[in-house]
Amino acid sequence: MQRILWLLALLLCANFVSAQRRDTIPDSTKTVIIPDSVKAAVQDTAKKETRAERKARIKAEKERAKYYYKDIKKDSARLEIERLTRVAWKRSAILPGWGQYTNQGLWWIKVPVIYGGFVASYFVIDYWQWYYKLFLTELQYREQYNQPSPDGILGMNSNWDTQGLIKFKDYGRRNRDLTILVTVGWYGLNIVEAYVDSILKNRWNISNDLSFKLSPTFMPTGSNSAGIPNFSAKSLYAPGIKMTFTLN
């Protein structure tokens with residue numbers, strides 16, 4: 001009996017000692033404090049891209065796009081075709097007609113047409129500038145001296161009033177400005193034509209197998225439709241032009 005009591009006492013002592021041990025599993029409800037050195041390391045790894053780095057990255061992407069298309073490397077022929085296209089439109093931007101001469105073909109027709117358009121624009125702009133200055137000068141004289149000018153076709157010997165002078169002065173200025181915009185558009189069209197012509201010539205094969213023919217023909221007018229009485233043969237058909245495309 002005494003041995004059993006001693007055994008129970010030893011078991012109680014062992015349980016008491018194990019209960020006093022510290023729990024090795026951390027409490028999930030407690031806040032974990034991260035040292036400053038660890039925070040700095042995390043911030044450095046997620047550093048924001050600077051402006052210089054962004055410019056360098058964009059430049060590298062553009063440079064790569066010259067040699068790759070959707071991760072497929074371009075061959076030397078493709079690169080040469082793209083280079084010729086860039087050269088053509090850039091030359092036309094520097095000097096109108098230069099790109100057309102680079103593309104060859106019908107450049108000897110295109111270049112005179114381009115410069116003919118610029119010459120015509122110059123004369124039209126000069127005319128409307130003269131027209132605008134004519135009415136403006138008369139208005140300025142009347143504003144300064146409060147009477148029509150003694151000379152000129154708009155002065156004392158004419159029936160022009162101030163409102164009419166203002167209207168036609170604005171009309172001349174509007175036409176002059178519109179002609180300047182058309183001239184700028186003509187210059188842009190010269191660049192676009194050099195670019196498109198280079199693409200059609202170098203990137204697509206335009207075969208000579210395609211033929212085009214114009215011929216006169218007669219087309220029905222619909223006068224013989226239901227509900228419309230029939231007339232002579234001349235009223236049933238009208239002359240026209242037929243266009244025929246043939247692939248050999």
Side-chain angles (χ1 to χ4, degrees), residues 51-134 136 169-215 241-248:
R51 181 179 298 178
E53 292 173 346
R54 183 171 65 255
K55 288 183 178 180
R57 177 178 56 80
I58 295 175
K59 183 179 179 180
E61 290 176 354
K62 289 182 178 179
E63 188 68 22
R64 187 179 187 278
K66 294 180 181 179
Y67 302 98
Y68 287 87
Y69 176 75
K70 294 183 178 180
D71 296 332
I72 300 175
K73 190 174 182 179
K74 301 175 183 178
D75 57 7
S76 58
R78 176 73 179 188
L79 294 174
E80 180 63 17
I81 289 172
E82 293 182 354
R83 188 192 69 82
L84 291 174
T85 304
R86 289 195 302 269
V87 168
W89 74 261
K90 287 181 179 179
R91 286 183 175 180
S92 284
I94 296 172
L95 180 65
W98 193 9
Q100 284 74 13
Y101 176 77
T102 303
N103 293 332
Q104 294 300 308
L106 299 177
W107 68 269
W108 50 276
I109 296 178
K110 296 177 182 178
V111 173
V113 170
I114 291 172
Y115 282 96
F118 285 122
V119 171
S121 297
Y122 169 77
F123 284 110
V124 174
I125 293 172
D126 183 69
Y127 169 76
W128 287 117
Q129 177 66 13
W130 168 83
Y131 189 94
Y132 166 71
K133 293 291 291 185
L134 180 68
L136 179 63
K169 184 261 298 182
D170 294 339
Y171 175 74
R173 181 181 59 185
R174 181 173 62 252
N175 288 343
R176 180 202 62 187
D177 296 344
L178 181 61
T179 307
I180 292 174
L181 291 177
V182 171
T183 305
V184 174
W186 184 254
Y187 170 77
L189 185 63
N190 146 73
I191 300 174
V192 173
E193 197 282 330
Y195 175 78
V196 173
D197 184 53
S198 178
I199 289 179
L200 293 177
K201 185 176 181 180
N202 298 314
R203 300 192 186 186
W204 285 279
N205 181 19
I206 303 178
S207 176
N208 294 325
D209 295 337
L210 177 64
S211 62
F212 172 73
K213 181 181 179 182
L214 288 175
S215 59
I241 296 177
K242 180 174 66 175
M243 295 184 296
T244 306
F245 294 91
T246 305
L247 292 175
N248 299 328

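Keep in mind the model is a prediction, meaning the values are calculated, not measured. Because only heavy atoms are used, hydrogens play no part in the values below, and waters and symmetry mates are left out as well, while side chains stay in.
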Asker: Apply the test side chain to side chain contact (heavy atoms under 4.5 Å, CB included) to residues W186 and I114: give CA-CA distance (whole Å), side-chain angles for both, the deciding distance (0.1 Å), then the verdict.
Answerer: CA-CA 8 Å; W186 184 254; I114 291 172; 4.2 Å; yes
Asker: Could I get the full list of side chain to side chain contact (heavy atoms under 4.5 Å, CB included) partners for L95, not counting sequence neighbours?
Answerer: W98, Y115
Asker: Can you pull the salt bridge (charged side-chain N to carboxylate O under 4.0 Å, His left out) pairs that have at least one residue in residues 173-185, sequence neighbours excluded?
Answerer: D170-R173
Asker: Could you state the interatomic distance from OG1 (T179) to OH (Y127), rounded to the nearest 0.5 Å?
Answerer: 11.0 Å
Asker: Does Y195, at its OH atom, have more than 12 non-hydrogen atoms belonging to other residues, nucleotides or ligands within less than 6.0 Å?
Answerer: no
Asker: Using every non-hydrogen atom in the two residues, find where G97 and S92 come nearest and quote the distance to one decimal.
Answerer: N-OG, 4.4 Å
Asker: Restricting to side chain to side chain contact (heavy atoms under 4.5 Å, CB included), what partner residues turn up for Y187, sequence neighbours left out?
Answerer: A93, P96, F118, N190, I191
Asker: When you check the gap from the basic side-chain N to the acidic O, do R57 and E61 get nearer than 4.0 Å?
Answerer: yes
Asker: Sequence neighbours left out, what passes side-chain hydrogen bond (donor to acceptor under 3.5 Å, both in side chains) with E80? Give chain and number order.
Answerer: R83
Asker: Please list all pairs meeting salt bridge (charged side-chain N to carboxylate O under 4.0 Å, His left out) that have one or both residues in residues 89-107, counting only residues at least two apart or in different chains.
Answerer: none
Asker: For residues A194 and N103, report the shortest heavy-atom separation together with the two atoms involved.
Answerer: O-ND2, 3.0 Å
Asker: Quick one: list whatever passes ring-ring contact (aromatic ring centres under 6.0 Å, His included) with Y171, sequence neighbours left out.
Answerer: W128
Asker: With sequence neighbours left out, write down each residue that passes side chain to side chain contact (heavy atoms under 4.5 Å, CB included) with D126, or none if nothing qualifies.
Answerer: none
Asker: Tell me every residue that passes side chain to side chain contact (heavy atoms under 4.5 Å, CB included) with I58, counting only those two or more places apart in sequence or in another chain.
Answerer: R54, K62
Asker: Which residues pass the side-chain hydrogen bond (donor to acceptor under 3.5 Å, both in side chains) test with Q104, not counting sequence neighbours?
Answerer: none
Asker: Please list all pairs meeting salt bridge (charged side-chain N to carboxylate O under 4.0 Å, His left out) that have one or both residues in residues 105-123, counting only residues at least two apart or in different chains.
Answerer: K110-E193, K110-D197
Asker: From L136 CG over to Q129 CD, what is the distance, rounded to the nearest 0.5 angstrom?
Answerer: 9.0 Å
Asker: Working to the nearest 0.5 Å, report the span between CG of L178 and OG1 of T183.
Answerer: 9.5 Å
Asker: Not counting sequence neighbours, which residues clear side-chain hydrogen bond (donor to acceptor under 3.5 Å, both in side chains) with S198? List them please.
Answerer: T85, N202
